[in-house]
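The structure appears below as structure tokens.
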Amino acid sequence: MRRALLALLVGAAAFAPLAATGQDAGRVEVVEVKGIIDGNVERSIKKTIESAQRDDAALVILQIDSRGNVGGPGRVGAILNAIASSRVPIATWVGPAGARAENGAAVVALAGHARAISPGSSIGPIDNLDLSADTDSIVWLESDPPKLPLGEPDSRLGNDVEHIDRLSASEAVDAERMDHVVPAILDLLQELHGVRVDLNGTKVRLSTDPDDVSIRFHKGDLLGRALHAAAQPSIVYLLLLVGLVGLVFELFHPSTGPAGISGLIALGLAGYGIVTLGGSWIGFALIVIGVVGFCIDLRFQALGVATILGFAALVAGSLLLFSGTFLSVSPWVLAFGIVSMVAFLLGAMTRVLRDLRAVARGELEVTEAHPHPNGQGDPHES
């Protein structure tokens, strides 16, 4: 027994360093910066950096595939300030292959302590720091100037932000805008292992051996992801139409069922998207007026002036909802939305109303789809 106990203790002592190494392995936090950079993305980046500082993480990676930001230059400035004040090194990676970092997203990509891009991806141009604005806006808000790492405020961006054009991966490295070209995050970690970066004026050696670190991906909470997904022009447009379809169906066939509830939820998400992206409320009003015009003629089962005016308002509102230079609804989505809405209002709803009136006049009998087994209702009735 003594020999067995001694062997057990020796074995435990031999494995102790390995266990300690596994527990002390660094953690790498990865934040996906995909789509338009809105308030949800900004909060996700800040929250991850704060968590990484509390947990003493080895590295934070911002994985970027974005056309830019909404909310003004102050949103980009807030992200840059979070990077500059971080006690944990921040790496930016434009990836995976085919990704792009434009406008405000390019500014964020250039601000990392270490910067990388995947083959086939691009960075730039920087034309606008608020995609919802009608005019180009590349001037920082004086009340919230960004503080970039590594010295002077323009050390990462160059003297003239507006002169940064679209660069491929190789061109970005040649122009010293990017440091590395890597196809995947594991390759990035291997590339950065042992590299020294300037962190708040202090040279820090990165320890990111893929075999020694654990990787955790952050995509935000469920509500944040839903709101972020809704903040896309084409998605907002489709949500608006789906919401109106649900309300129209509930109006003509009241049942306090899922159609009305789903319609209200879709309209709520569409409203959030319009506010976030700076959509046109005139366009929104015209779409609603267009649907109302169709409903007026539906009520009387006729195709008249209200239908014609409704169609014109629907088309005009669809074109005006998002008509900016950077944010617009895909032409294919516009065509699909208009055709689908007209088909629903003039096709499906006309049939529903005709059947309801036939039931009211006694010309059409409604029977149970699943008759009760106790004899109430003839199972052979059709």
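As the structure is a prediction and not an experimental result, all values here were calculated from the model.
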Practice task
Count the heavy atoms belonging to other residues, nucleotides or ligands that lie under 6.0 Å from CG of Leu264, then report whether that count exceeds 12.
Solution key: yes

Fill in the blank from the handout: Of all heavy-atom pairs linking Pro89 and Val197, the shortest is CB-CG2, 4.3 Å

Handout entry: Ser86 side chain vs Ala82 backbone, donor-acceptor pair below 3.5 Å
Key = no

Problem - Side chains of Pro233 and Leu277 in contact at under 4.5 Å (non-hydrogen atoms) - result: yes

Practice task
Working to the nearest 0.5 Å, report the span between CD of Gln232 and CG of Leu238.
Solution key: 12.0 Å

Problem - Asp65 (side chain) donor-acceptor with Lys34 (main chain) under 3.5 angstrom - result: no

Problem - Hphob cluster co-occupancy, Val213 + Val182, side-chain heavy atoms under 4.5 angstrom - result: yes

Handout entry: Single-linkage hydrophobic cluster, 4.5 Å side-chain cutoff, Leu320 and Phe284 together
Key = no

Handout entry: Under 3.5 Å donor-acceptor, Asp55 side chain and Ala57 backbone
Key = no

Exercise for the section: Please check if the side chain of Ser168 supplies one atom and the backbone of Ser122 the other of a donor-acceptor pair under 3.5 Å. Expected result: no

Handout entry: Side-chain touch Leu110/Ile123, heavy atoms, less than 4.5 angstrom
Key = yes

Practice task
Report the residue from Val30, Val94, Ile45 that forms a side chain to side chain contact (heavy atoms under 4.5 Å, CB included) with Leu62.
Solution key: Ile45

Exercise for the section: Report, as yes or no, whether the 6.0 Å neighbourhood of atom CZ on Arg216 holds more than 12 heavy atoms from other residues, nucleotides or ligands. Expected result: yes

Practice task
Answer yes or no: is there a side-chain heavy-atom contact under 4.5 Å between Arg67 and Phe326?
Solution key: yes

Practice task
Inspect the contact between Arg166 and Glu171 and indicate whether a charged nitrogen and a carboxylate oxygen are less than 4.0 angstrom apart.
Solution key: no

Practice task
Report whether Ile289 and Tyr237 are members of the same hydrophobic cluster (ILVMFWY, side-chain heavy atoms less than 4.5 Å apart, transitive linking).
Solution key: no

Completion exercise
Separation between CG (Leu189) and CD1 (Ile185), nearest 0.5 Å, reads 7.5 Å

Exercise for the section: Kindly say whether Arg177 contributes a backbone atom to a donor-acceptor pair with the side chain of Arg115 at under 3.5 angstrom? Expected result: yes

Practice task
Consider only side-chain heavy atoms of I, L, V, M, F, W and Y, link residues closer than 4.5 Å, and tell whether Leu247 and Val242 are in one cluster.
Solution key: no

Problem - Test log, rule side chain to side chain contact (heavy atoms under 4.5 Å, CB included), inputs Ile49 and Val88 - result: CA-CA 8 Å; Ile49 292 176; Val88 175; 6.0 Å; no

Practice task
Indicate yes or no: at least one non-hydrogen side-chain atom of Ile215 is less than 4.5 angstrom from one of Leu186.
Solution key: yes

Fill in the blank from the handout: Here the gap from Asp179 atom CG to Leu192 atom CG, rounded to the nearest 0.5 Å, amounts to 8.5 Å

Fill in the blank from the handout: Only one of His228, Arg43, Arg75 passes side chain to side chain donor-acceptor pair (under 3.5 Å) with Asp38, and that residue is His228

Handout entry: Side-chain ion pair, Glu102 and Arg100, N-O less than 4.0 Å
Key = yes

Fill in the blank from the handout: What one should report as the nearest heavy-atom pair of Leu267 and Gly243 is CG-CA, 3.8 Å

Practice task
Keeping the roles fixed (side chain from Asp198, backbone from His113), state whether a donor-acceptor pair exists under 3.5 Å.
Solution key: no

Practice task
Indicate, with yes or no, if Trp281 and Val315 share a hydrophobic cluster defined by side-chain heavy-atom contacts under 4.5 Å among Ile, Leu, Val, Met, Phe, Trp and Tyr.
Solution key: yes

Handout entry: Main-chain N/O of Ser207 paired with His193 side-chain donor or acceptor, under 3.5 Å
Key = no

Practice task
Locate the shortest heavy-atom distance separating Ile37 from Ser66; write the atom from each residue and the value.
Solution key: CG1-OG, 3.6 Å

Problem - Polar side-chain atom of Thr48 near backbone of Ser44 as donor-acceptor pair, under 3.5 Å - result: yes

Exercise for the section: Check Gly95 against Ser118 and note the closest heavy-atom contact, atom names and distance. Expected result: CA-OG, 3.5 Å

Completion exercise
When rounded to the nearest 0.5 Å, the distance separating CD of Glu29 from CD1 of Ile90 is 10.0 Å

Fill in the blank from the handout: By side chain to side chain donor-acceptor pair (under 3.5 Å), Ser234 pairs with (sequence neighbours left out) none

Exercise for the section: State, with a plain yes or no, whether a side-chain heavy atom of Leu334 is found less than 4.5 Å away from one of Leu319. Expected result: yes

Completion exercise
Of all heavy-atom pairs linking Ala106 and Ala101, the shortest is CB-O, 3.3 Å

Exercise for the section: Decide yes or no for Phe294 and Val248: does some side-chain heavy atom of the first lie under 4.5 Å from some side-chain heavy atom of the second? Expected result: no

Handout entry: Working for side chain to side chain contact (heavy atoms under 4.5 Å, CB included), residues Thr276 and Ile36
Key = CA-CA 10 Å; Thr276 301; Ile36 296 172; over 6 Å; no

Handout entry: Heavy-atom pair with the smallest gap, counting every atom of Glu250 and Gly260
Key = OE1-N, 3.2 Å

Practice task
Mind checking the CZ-CG spacing from Phe344 to Leu241? Nearest 0.5 Å is all I need.
Solution key: 11.5 Å

Problem - More than 12 heavy atoms from other groups under 6.0 Å of OH on Tyr272 - result: yes

Practice task
Indicate whether the side chain of Ser132 and that of Asp130 have a donor and an acceptor atom separated by less than 3.5 Å.
Solution key: yes

Exercise for the section: Check whether any side-chain N or O of Asn69 sits under 3.5 Å from a backbone N or O of Leu129 as a donor-acceptor pair, and report yes or no. Expected result: yes

Exercise for the section: Please round to the nearest 0.5 Å and tell me the distance separating atom CE of Met341 and atom CG of Leu240. Expected result: 7.5 Å

